[in-house]
Trainee: 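Take a look at the following structure, please.
For this chain, numbers begin at 1 and follow the sequence in order.
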Amino acid sequence: MANPKEKDPVDIVHQNAIHVETIMKELRHQKLYTEFNINPFKKLHILTDKPMSNITYRKEEEDPAFVQAIHRAHLEPTKKYSHPQTEAQEIGWISRPLIASDRSDRRLNFPRQNSEITKYMDAAWRLKEQTQNLG
């Protein structure tokens, strides 16, 4: 049988060099964020104080930029953006009709028409509903 290959002893200097190089890479690509905001797209749950608590809190003044971001987040997409942002938004983006509807134009207007059969069935359905409601 073949002898299993023995591992070389750990070289501490080599391990330290790898560790230093890894830290330098992390520091090179690290971004430090110091300004934090609440996400306006997430629902905010406000908890009230206990009823018998006598602790009073001072009134905080509103940040107008944050209030505007909250209001903008609750708008529908057509009011937020001038053009659709995704492919799915393209369907129904322009919701107003392309031409004004003219009821007198017979080419585009097909009003509901009743025949003898539809009048008879309408009366039969009404009679059936009335008998079911009474009995």
Trainee: Of all residues at least two apart in sequence or in a different chain, which pass the side-chain contact (heavy atoms from CB on, under 4.5 Å) check with Lys42?
Mentor: Asn39
Trainee: Can you tell me if CD on Glu62 sees more than 12 non-hydrogen neighbours from other groups inside 6.0 Å?
Mentor: no
Trainee: Count the heavy atoms of every other residue, nucleotide or ligand shown that sit under 6.0 Å from CG of Leu127, and state whether that count exceeds 12.
Mentor: yes
Trainee: Nearest 0.5 angstrom please: Gln30 CD to Ile23 CD1, how far?
Mentor: 11.5 Å
Trainee: Count the heavy atoms belonging to other residues, nucleotides or ligands that lie under 6.0 Å from CG of Leu27, then report whether that count exceeds 12.
Mentor: yes
Trainee: Would one find more than 12 heavy atoms of other residues, nucleotides or ligands at under 6.0 Å from atom CD of Gln68?
Mentor: no
Trainee: I'd like to know if Tyr81 and Ile94 are part of one continuous hydrophobic network [Ile/Leu/Val/Met/Phe/Trp/Tyr, side-chain heavy atoms within less than 4.5 Å].
Mentor: yes
Trainee: Please name all residues satisfying salt bridge (charged side-chain N to carboxylate O under 4.0 Å, His left out) with Lys79, sequence neighbours left out, ordered by chain then number.
Mentor: Glu76
Trainee: What's in the same ILVMFWY side-chain cluster as Val13, cut-off under 4.5 Å, chained through other members?
Mentor: none
Trainee: Hey, what do you get for CD (Glu26) to CZ (Arg28), rounding to the nearest 0.5 Å?
Mentor: 11.0 Å
Trainee: Can you check whether His83's main-chain N or O pairs, donor with acceptor, with Gln85's side chain at less than 3.5 Å?
Mentor: yes
Trainee: Once side-chain contact (heavy atoms from CB on, under 4.5 Å) is applied, do any residues pair with Lys119, and if so which ones, sequence neighbours excluded?
Mentor: Asn114
Trainee: Output all residues satisfying side-chain contact (heavy atoms from CB on, under 4.5 Å) with Leu98, sequence neighbours left out; order by chain, then residue number.
Mentor: none
Trainee: Could you pull out all residues at least two apart from Phe66 that satisfy side-chain contact (heavy atoms from CB on, under 4.5 Å)?
Mentor: Ile38, Asp63, Ile70
Trainee: Which atom pairs, donor and acceptor, lie under 3.5 Å between side-chain atoms of residues 15-22 and protein residues at least two apart or in another chain?
Mentor:
unit_1, atom_1, unit_2, atom_2, d
Thr22, OG1, Ile18, O, 2.8

Trainee: Could you identify which residues cluster with Trp125, counting Ile, Leu, Val, Met, Phe, Trp and Tyr as linked when any side-chain heavy atoms lie under 4.5 Å apart, either directly or through a chain of such contacts?
Mentor: Tyr120, Met121
Trainee: Rounded at 0.5 Å granularity, tell me how far CG in Leu134 sits from CD in Glu129.
Mentor: 12.0 Å
Trainee: Are more than 12 heavy atoms from other residues, nucleotides or ligands located less than 6.0 Å from atom CD1 of Ile12?
Mentor: no
Trainee: Is there any side chain to side chain donor-acceptor pair (under 3.5 Å) pair reaching into residues 87-109, and which pairs are they, with sequence neighbours excluded?
Mentor: Asp102-Ser104, Arg103-Asn109, Asp105-Arg107
